[in-house]
Amino acid sequence: MRNLRIWRSLLGVEKTVVEDVDLDVDAGVLVARVRPTGSMRNRCGACQRRSPRYDAGAGRRRWRALDAGTIQVFLEAESPRVSCRDHGVTVAAVPWARHQSGHTHHFDAQVAWLATRTSKTAVTKLMRIAWRTVGAIITRVWAETAAAQDQFAGLTRIGIDEISYKRGQKYLTVVVDHDSGRLVWAAPGQDKATLNTFFDALGPERSAQITHVSADGAAWIAVVVAVRCPNAVRCADPFHVVKWATDALDEVRRGAWNDARKAARSNEARRGRGRPAKDTPPRPDSAQATALKNSRYALWKNPENLTEKQQVKLAWVVQTDPTPGRAYYLKEGLRVIFKLPHDEAIEALDKWVGWARRCRIPAFVKLQRSIVTHRPAILASIEHGLSNGRVESMNTKIRLITRIAFGFKSPEALIALAMLSLGGHRPVLPGRI
């Protein structure tokens with residue numbers, strides 16, 4: 001009897017009676033025959049309520065436990081069924097494993113801990129389980145963790161964004177708490193219905209407590225936020241706003257490059273094969289087209305980050321072609337606005353809109369309309385110092401999780417692992433605090 005108590009401690013089970021232990025050396029398998037204590041018998045597997053016994057079920061079954069060195073360990077017990085008044089006829093609960101699980105609590109905990117720190121391939125090799133089993137375990141562990149925690153507690157300032165997790169336009173919508181940096185919610189999809197699911201889970205009372213929401217300029221986010229938490233201040237992400245200007249600048253650069261190529265085809269004779277002769281006349285339009293093609297990074301980068309070569313290239317573009325030059329200064333003017341105090345930024349943004357409206361560059365005339373539309377959100381971002389930086393950082397970590405795991409077949413497993421890793425409730429190894 002004393003040895004059986006020792007085995008109960010080694011197996012990491014509670015409220016369990018170890019009846020016998022059998023070791024098959026040739027097969028490398030140890031089977032411990034167990035049964036629940038009297039207080040844990042005849043309980044519903046779903047709700048743990050004590051219920052009348054229905055029948056003996058399918059007989060004895062096994063649960064995988066943590067290995068003992070190189071020996072695989074299983075727990076074996078009867079699996080009777082009970083009749084629950086809420087869940088009907090279901091398999092009785094056991095204290096060493098979750099309902100409808102083939103692994104013990106400690107086994108699930110170790111797999112979840114490993115999954116948050118290494119690849120799924122390494123987990124499958126170490127724990128001797130299938131690839132899909134890892135996803136099933138982390139989904140099960142997160143479901144239990146989420147039920148025991150309140151992810152939305154104290155939520156006032158949030159950031160919303162989407163992330164592509166798989167080829168074929170597969171997206172997740174993620175919500176991050178600006179104050180704690182936690183990932184508080186994620187779901188597959190990239191539309192109003194998906195985001196409404198978050199606010200449905202949050203509830204109207206807590207939605208009213210949201211004071212700030214940061215996001216990019218996606219209309220589906222703005223519409224849902226305006227309806228579900230109208231009192232919240234919506235802040236536009238400065239990075240995305242400047243990116244709009246950078247995209248407009250690149251459109252101007254490509255237009256100038258195409259114009260130079262057309263001029264080269266029209267004004268310059270077609271060059272034959274081989275090395276050109278020494279007395280071949282210069283080809284200024286072709287040279288300009290080549291220089292504009294290679295000026296992308298000189299125009300994209302911030303002035304303080306330019307290399308010496310890129311500074312020379314930028315000066316050449318500004319002096320040679322006035323249209324890309326004006327587009328560059330418009331982009332830089334918009335970027336500088338986000339560094340100004342709020343009072344100065346209001347006046348500077350209005351001046352920038354007037355400048356862009358009169359610049360006669362179609363890409364920036366179009367851009368200023370978007371800036372006018374998002375003007376309150378842009379100024380709110382400057383006033384409150386809020387951006388989507390935390391959300392973009394979270395997206396990078398989710399991409400890293402996907403890469404380490406070599407991808408996920410289902411978004412549910414990815415969401416479960418992301419929430420376990422980034423939701424503030426990381427799993428711990430069995431027996432550790």
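This is a predicted model, so every value here is computed, not measured.
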_Can you give me the closest heavy-atom contact between Asn388 and Gly159, atom names plus distance?_
OD1-CA, 4.1 Å
*Please report the closest heavy-atom contact between Ile415 and Ala187, naming both atoms and the distance.*
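Heavy-atom minimum between the residues: CD1-CA, 3.7 Å.
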Is [Y] close to [X] at the side-chain level, that is, under 4.5 Å between some pair of heavy atoms?
X	Y	answer
Thr104	Val13	no
Phe364	Val252	yes
Arg117	Arg426	yes

Distance-only, no hydrogens or angles: does the [X] side chain make a donor-acceptor pair with backbone N or O of [Y] under 3.5 Å?
X	Y	result
Ser295	Ala298	no
Ser421	Leu417	yes
Thr173	Gly189	yes
Thr211	Thr156	yes
Gln368	Val365	yes
Thr246	Trp300	no
Asp177	Asp179	yes
Asn302	Glu304	no

*Quick one: are the ring centres of His212 and His178 less than 6.0 Å apart?*
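Aromatic pair excluded; centres sit 6.0 Å or further apart.
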*Are the aromatic rings of Phe239 and Phe338 close, with centres under 6.0 Å apart?*
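No: the rings miss the under 6.0 Å criterion.
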*asked:* By the definition side-chain contact (heavy atoms from CB on, under 4.5 Å), identify the one residue from Val227, Val175, Val224 that meets it with Phe199.
replied: Val224
*Show the numbers, then the answer: is there a side-chain contact (heavy atoms from CB on, under 4.5 Å) between Val111 and Ile129?*
CA-CA 10 Å; Val111 169; Ile129 53 179; 4.0 Å; yes
*asked:* Just to verify, what does Arg41 make a salt bridge (charged side-chain N to carboxylate O under 4.0 Å, His left out) with, not counting sequence neighbours?
replied: none
Is [X] salt-bridged to [Y], cutoff N-O under 4.0 Å?
X	Y	result
Asp350	Arg375	yes
Asp67	Arg128	yes
Lys351	Glu347	yes
Arg335	Glu332	yes

*For Gln48, does the CD atom sit with more than 12 other heavy atoms under 6.0 Å from it, leaving out its own atoms?*
yes
_Separation between CD1 of Ile346 and CD1 of Ile382, rounded to the nearest 0.5 Å_ =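 Those atoms lie 8.5 Å apart.
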*asked:* Going by ring pair (Phe, Tyr, Trp, His ring centres under 6.0 Å), name the residues that satisfy it together with Trp63, two or more places apart in sequence or in a different chain.
replied: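 Result, ring pair (Phe, Tyr, Trp, His ring centres under 6.0 Å) vs Trp63: Trp96.
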